[in-house]
2 protein chains.
Amino acid sequence: MTTDEKLALYAKALAHPIRIQIIRLLTGQACCYTGDLTQQFPIAQSTISQHLRALKEAGLIQGTIERPKVKYCLNRENFEEAQRLFETHLFSDERFIKSCAS
Amino acid sequence: MTTDEKLALYAKALAHPIRIQIIRLLTGQACCYTGDLTQQFPIAQSTISQHLRALKEAGLIQGTIERPKVKYCLNRENFEEAQRLFETHLFSDERFIKSCAS
DNA sequence: ATCGTTGATCGTAAATGTACGATGATACAA
DNA sequence: TTGTATCATCGTACATTTACGATCAACGAT
C-alpha cells in the first residue's frame with residue numbers, strides 16, 4: 001500500500017464527526033467503554049459499535065474485553081503514524097514551491 | 001458548524017488516494033491544470049473533474065479559468081485552517097491523559 | 001438453569017461515493 | 001461558420017456508508 005493510500009484510509013476513518021469525537025475523547029483520556037459513548041451520543045448503540053469498528057479496522061483504536069464491558073484505547077503506534085503521515089506528506093511546507101508549470 | 005464537523009469534512013475531502021495526490025501535487029508546486037491530472041492519472045477526465053469539485057467544495061483548492069484551461073491552486077487559507085485543526089484538535093499531545101474512567 | 005448486562009452482528013433502507021461514456025459550454029482558430 | 005481544445009456536467013451503474021431495530025453471544029449473578 002502506498003503512502004497516499006494509507007493517508008486516504010486514515011482520512012476516511014476520520015471522515016465522520018462521531019468518529020472525530022471518539023478519537024478526541026481518547027486523546028484526552030486513557031480509554032473508554034462502549035457504554036460511555038452510547039450515553040454521550042444521541043445515536044443507537046449499534047451505530048456506535050459500527051463507528052468503533054471502522055476506527056478499529058483503520059488501526060486507530062483497539063479494544064480489549066473486560067467482561068461484561070469492552071475497553072477501547074487509542075492505538076498509539078498507528079495514531080502517531082497517521083499524525084506523522086499527515087504532517088510530513090500533506091501539511092509540510094518544507095518543499096520549494098515551484099513556479100506554475102505548462 | 002462545530003470544529004469536529006469541520007474536521008470531519010476536511011478528512012472526508014482527503015479520503016481518497018487521488019485527492020491526496022492532487023493536494024500533494026499542489027503543495028509541491030504553485031498550481032496545475034485539469035489536463036495535467038488527466039495525463040498523470042489513469043482514470044477518466046470526468047472522474048478527475050469530480051474529485052476536483054470535491055476538493056473545491058471542501059474549500060481546499062480553488063480554480064480560475066485561463067481559457068481554454070482551468071488552473072487550480074491550493075486555497076492556502078483553508079488548507080492552513082485544516083492543518084491547524086488537525087494539529088490542535090486531533091493530534092495535540094498537550095492534554096493530560098486522565099486515568100481510566102468508570 | 002434462567003436472567004441480566006454489555007456490546008457485537010445481522011438485516012435492511014436510504015443516502016452518498018466512485019467510476020465511466022456521452023454531451024454541453026465556452027472561446028479561440030481556420 | 002465550422003471546427004478544435006479544454007473542462008464541467010449529466011445520466012447511469014455499482015459499491016459503500018450510515019442509520020436503525022432486532023437478534024445473538026458471552027458470562028456473571030440469582
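No experiment lies behind these values; they were computed from the predicted model shown. In what follows, every chain begins at residue 1, and chains take the letters A, B, ... in the order their sequences are listed.
Using a 4.0 Å heavy-atom criterion, one finds that B:Lys12 contacts the sugar-phosphate atoms exclusively. Within 4.0 Å (heavy atoms only), A:Ile43 reaches sugar-phosphate atoms of the nucleic acid but no base atom.
The NZ atom of A:Lys69 sits 21 Å away from the P atom of D:dA26 (whole-angstrom rounding). Following rounding to the nearest Å, A:Gln45 (CD) and C:dT6 (P) show an atom-to-atom distance of 11 Å. For B:Leu55 and C:dT18, the CG to P distance is 11 Å, given to the nearest whole Å. As rounded to whole Å, 13 Å separates atom C1' of C:dC20 from atom CD1 of B:Ile48. A:Ile22 places its CD1 atom 13 Å from the P atom of C:dG7, with the value rounded to the nearest Å. Atom-to-atom, CZ of B:Arg19 to P of C:dT16 comes out at 15 Å; the value is rounded to the nearest Å. With rounding to whole Å, A:Leu37 atom CG is found 14 Å from C:dT6 atom P. One atom, OH of B:Tyr33, and another, P of D:dA5, lie 18 Å apart when rounded to the nearest Å.
For the pair A:Ser46 and B:Thr38, nearest-nucleotide mapping onto DNA chain D gives the more 5' position to B:Thr38. Both B:Thr47 and A:Tyr72 sit near DNA chain C, but only A:Tyr72 has its closest nucleotide nearer the 5' end.
No side-chain heavy atom of A:Lys6 sits less than 4.5 Å from a side-chain heavy atom of A:His89.
Between B:Phe86 and A:Phe86, the ring planes lie parallel to each other; the angle is under 30°, not in the 30° to 60° tilted range.
Not a single donor-acceptor pair under 3.5 Å links the side chain of B:Arg19 to the backbone N or O of A:Ala8. In this structure a side-chain-to-backbone donor-acceptor pair under 3.5 Å is present from A:Thr27 to A:Arg24.
Comparing atom distances between the B:Gln50 side chain and each of D:dC7, D:dG11, D:dA19 picks out D:dG11 as nearest. Out of C:dA8, C:dT18, C:dT6, the shortest distance to the side chain of B:His16 is found at C:dT18. With distances taken from any side-chain atom of A:Arg53 to the nucleotides C:dA8, C:dT9, D:dT18, the minimum falls on C:dT9.
Atoms CD and CG, from B:Gln21 and A:Asp4 in turn, are 4.5 Å apart once rounded to the nearest 0.5 Å.
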Can you name the atoms? Protein N/O to nucleotides 26-30 of chain C N/O, anything below 3.5 Å, with the distance.
from   : atom 1 : to      : atom 2 : distance (Å)
C:dT26 : O3'    : B:Arg67 : NH2    : 3.4

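Partner B:Tyr33 forms a side chain to side chain donor-acceptor pair (under 3.5 Å) with one of B:Lys69, B:Glu66, B:Lys71 and no other, that one being B:Glu66.
Taking every heavy atom of both residues into account, A:Ala82 and A:Leu60 meet most closely at CB-CD2, 4.3 Å.
Under 3.5 Å, the side chain of A:Ser49 and the base of C:dG7 form no donor-acceptor pair of N or O atoms.
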